[in-house]
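Computed from a prediction, not measured in an experiment: that's the story for all the values here. Numbers restart at 1 for each chain; the letters A, B, ... are given by sequence-line order, proteins then strands.
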There are 2 protein chains.
Amino acid sequence: MLQDRLLETAIAQFGQHGFEGASTRDIASASGTAMSSITYHFGGKEGLYLAAADHIALQIREQLGPLHDRVDRALPLATREEAVDLLLMLADGFARLLLRRESEAWSRFIGREQQQPTEAFERLYQGAMKAMIDTVLALLARCRPDLPETERRAMAVLLYGQALILRVGRASVCRIMGGAALNQEDEAMLRARLARNVRCILSEDMDG
Amino acid sequence: MLQDRLLETAIAQFGQHGFEGASTRDIASASGTAMSSITYHFGGKEGLYLAAADHIALQIREQLGPLHDRVDRALPLATREEAVDLLLMLADGFARLLLRRESEAWSRFIGREQQQPTEAFERLYQGAMKAMIDTVLALLARCRPDLPETERRAMAVLLYGQALILRVGRASVCRIMGGAALNQEDEAMLRARLARNVRCILSEDMDG
DNA sequence: GTCTATACTACGATAGAC
DNA sequence: GTCTATCGTAGTATAGAC
């Protein structure tokens, strides 16, 4: 489908060069069509950009939806220990997603929006991120009822950062791990260490 | 100084719009000069970009240098507990830097280079990041001699992520904390929680 | 629906006046 | 050193053919 091809190309190009750096001519020709198709289907460059954001939100929902649903269903009846396990599952699912090559294109797109939010960020947030964050906060409330709400929110932020760095700071991550790219063992170790961190933080001495 | 004014403007504009999105005309006029000054002083757009990267590395060294030196000097004689405290100091210094408004401009610049490394990343890494990472790894070796080297590197990555999210994922951080911007209490809580996470991870049960 | 042709704007580089 | 003027290229948008 022409529209989908344009969207995929747009995500890659906008992610790589930014909104202003990407050119509609290039996006169109890389999709095997003429530039004016973009005007026709999306109304222009900006319409294409927003449609790309919606497309990304949809992809993320498709990727994490099943896992997310499973966690949401299990949450109401979960004990504290089960909630810890659910959060570990969710964190690992997210980490796996961010380590996959396929996430590179759209994560660049999101990365730009994080630092420079436009209307597209609102679509990404409402379309994909909000539900996930709410679930994480609910899980944290179950795991650490001893902490004030604000501190649990801070925990969610820092947890999010530990996963996000795997994609957003990839250049540094490779340097720190000591190679040009991440190999299988690096990825396994990062995921394992993330799990240990989460477990450790969630089971921290509750007098604290 | 005209050069410095151009560099400051360039960091802001390159960070905001990317290399291709930023225009030398705009950078020049925002610096109160003509575009051809860029050609004269930096040889062109690319020269300005690389000089901007060097300028950022210098700024970071100036900001974190004193703290970093203090830690480096204390490290050789530090006990495990003292090493934990040194790492906490370093992490908090980094977090404070990333929470400051001034870090916004150059962090956007670095953020782009992280996902799309060019020669500028090499300069940033060699000029500012490498020394910091080495110190963190040395501190981790002191704190957690029980862990294999690779796992300590993974720890460094995840620690780095927890600080970096404060700047790089700011839009999400604000949403999670529940406001349009971070207020004093949010920042204090994020820093406190980061410290608790670090202490918790470093003092984790050493059986493994 | 998709393409070609064209209009208009803005870009970076460069030459030359001061 | 800094500015103005100009050149060639590349950007988006749009009208109209098919």
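- When B/Ser29, B/Ser31, B/Ser37 are each tested for a side-chain hydrogen bond (donor to acceptor under 3.5 Å, both in side chains) with B/Thr33, only one passes: B/Ser37.
- Of the candidates D/dG11, C/dG12, C/dT4, C/dG12 carries the atom nearest the B/Lys45 side chain, counting heavy atoms from C-beta on.
- Distances from the side chain of B/Thr39 to the nucleotides D/dT2, D/dA13, C/dT14 place C/dT14 closest.
- Ring-plane geometry between A/Phe19 and A/Tyr49 is classed as perpendicular, the angle between the planes exceeding 60 degrees on a 0 to 90 degree scale with a lower cut at 30.
- Here the C1' atom of nucleotide C/dT2 and the CZ atom of A/Arg25 are 16 Å apart, to the nearest Å.
- Following rounding to the nearest Å, B/Leu48 (CG) and C/dG12 (P) show an atom-to-atom distance of 10 Å.
- Using a 4.0 Å cut-off, some side-chain N or O of A/Ser37 falls inside it from OP1 or OP2 of C/dC3.
- At whole-Å resolution of the value, NE2 in B/His41 and C1' in C/dA13 are 17 Å apart.
- No donor-acceptor contact under 3.5 Å links the side chain of B/Ser36 to the base of C/dT14.
- Using a 4.0 Å heavy-atom distance criterion, A/Leu2 is classed as a sugar-phosphate-only contact.
- Taking side-chain N and O atoms only, A/Thr33 has a distance below 4.0 Å to OP1 or OP2 of C/dC3.
- One can place CG of A/Asp26 at 10 Å from P of D/dA10, the figure rounded to the nearest angstrom.
- A/Phe19 places its CZ atom 14 Å from the P atom of D/dG11, with the value rounded to the nearest Å.
- Salt-bridge formation is detected for the pair B/Glu204/B/Arg144: a Lys NZ or Arg NE/NH1/NH2 atom is positioned less than 4.0 Å from an Asp or Glu carboxylate oxygen.
- Across the protein-nucleic acid pair, B/Tyr49 atom OH and C/dC11 atom C1' stand 18 Å apart, rounded to whole Å.
- Residue B/Ile176 is tested with A/Val157, A/Val136, A/Asp134 for a side chain to side chain contact (heavy atoms under 4.5 Å, CB included); the sole match is A/Val157.
- Between B/Tyr40 and D/dG1 there is a side-chain polar atom (N or O) within less than 4.0 angstrom of OP1 or OP2.
- The salt bridge (Lys or Arg N to Asp or Glu O under 4.0 Å) test with A/Asp92 is passed by exactly one of A/Arg191, A/Arg193, A/Arg196, A/Arg199: A/Arg191.
- Distance B/Met35 CE to C/dA13 C1': 6 Å, rounded to the nearest Å.
- Here A/Ala22 lies in heavy-atom contact (under 4.0 Å) with sugar-phosphate atoms only.
- In this structure, A/Ile27 atom CD1 and D/dA10 atom P are separated by 17 Å, rounded to whole Å.
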